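Atoms considered below: every heavy atom in the structure, side chains included; atoms not considered: hydrogens, waters and symmetry mates. This is a predicted model, so every value here is computed, not measured.
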Amino acid sequence: IPVGFKLSEQNPNKYTNGSNNLFFHVEAKEHGFKKVQYFQANKGWIYLIPLRDGRLLTAYGDVPPKLASKMIQSIN
């Protein structure tokens, strides 16, 4: 769980800190990503986070990079 966020009772893929929301999805296949990439999409952000075992964690929501960097560091 990202620091300062808690799991949503309504959606097991959603985490919130009250003002920001994040959704997570882990890809089962390896995609070859070696470093974190992120993109702005409409009013939100998409983060592609490679995991140590080769899988890819996709995080998306309205969390800007400055706040997300703490989350990403805690994952890797």
Side-chain angles (χ1 to χ4, degrees):
I1 296 176
V3 176
F5 284 75
K6 65 179 183 174
L7 183 62
S8 168
E9 295 176 8
Q10 293 80 24
N11 184 337
N13 295 324
K14 179 180 176 183
Y15 293 83
T16 184
N17 67 359
S19 59
N20 298 104
N21 298 297
L22 273 174
F23 295 86
F24 291 98
H25 177 76
V26 177
E27 300 289 337
K29 298 179 182 179
E30 292 186 26
H31 291 279
F33 285 89
K34 300 296 181 198
K35 63 180 186 172
V36 175
Q37 297 182 24
Y38 60 92
F39 311 91
Q40 189 165 17
N42 298 320
K43 295 181 181 179
W45 292 88
I46 299 171
Y47 299 91
L48 304 175
I49 306 164
L51 301 176
R52 289 186 190 117
D53 64 2
R55 295 180 299 158
L56 183 68
L57 173 65
T58 303
Y60 55 96
D62 59 354
V63 178
K66 186 174 181 177
L67 183 58
S69 67
K70 292 178 186 179
M71 170 200 63
I72 292 167
Q73 290 174 4
S74 70
I75 292 171
N76 287 320

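In this structure, the separation between CG on L7 and CG on N13 is 9.0 Å, given to the nearest 0.5 Å. Atom NZ of K6 sits about 11.0 Å away from atom NZ of K14, to the nearest 0.5 Å.
Under the 4.5 Å side-chain contact rule for hydrophobic residues, Y38 and I46 do not share a cluster. Under a hydrophobic clustering in which Ile, Leu, Val, Met, Phe, Trp and Tyr are joined whenever their side-chain heavy atoms come within less than 4.5 Å, directly or via other members, V26 and I49 fall into the same cluster.
Two residues are said to be in side-chain contact when any heavy atoms from C-beta on lie closer than 4.5 Å; N11 and F23 meet this criterion. Between L22 and F5, the closest side-chain pair of non-hydrogen atoms falls below 4.5 Å. Using a 4.5 Å cut-off on side-chain heavy atoms (C-beta onward), K35 and F33 make no contact.
Summarising the local packing, CD of E9 is surrounded by 12 or fewer heavy atoms from other residues, nucleotides or ligands at distances under 6.0 Å.
Legend: residues meeting side chain to side chain donor-acceptor pair (under 3.5 Å) with Q10, ordered by chain and number and at least two apart, are S8.
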Enumerate donor-acceptor pairs with a distance under 3.5 Å from any side-chain N or O in residues 53-69 to protein atoms, sequence neighbours excluded.
from: D53; atom 1: OD1; to: R55; atom 2: N; distance (Å): 3.1
from: D53; atom 1: OD1; to: R55; atom 2: NE; distance (Å): 3.4
from: D53; atom 1: OD2; to: R55; atom 2: NE; distance (Å): 2.8
from: D53; atom 1: OD2; to: R55; atom 2: NH2; distance (Å): 3.1
from: D62; atom 1: OD1; to: N21; atom 2: N; distance (Å): 2.6
from: S69; atom 1: OG; to: K66; atom 2: O; distance (Å): 3.0

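When atom types are taken as modelled, the side chain of N42 and the backbone of G44 share no donor-acceptor pair closer than 3.5 angstrom.
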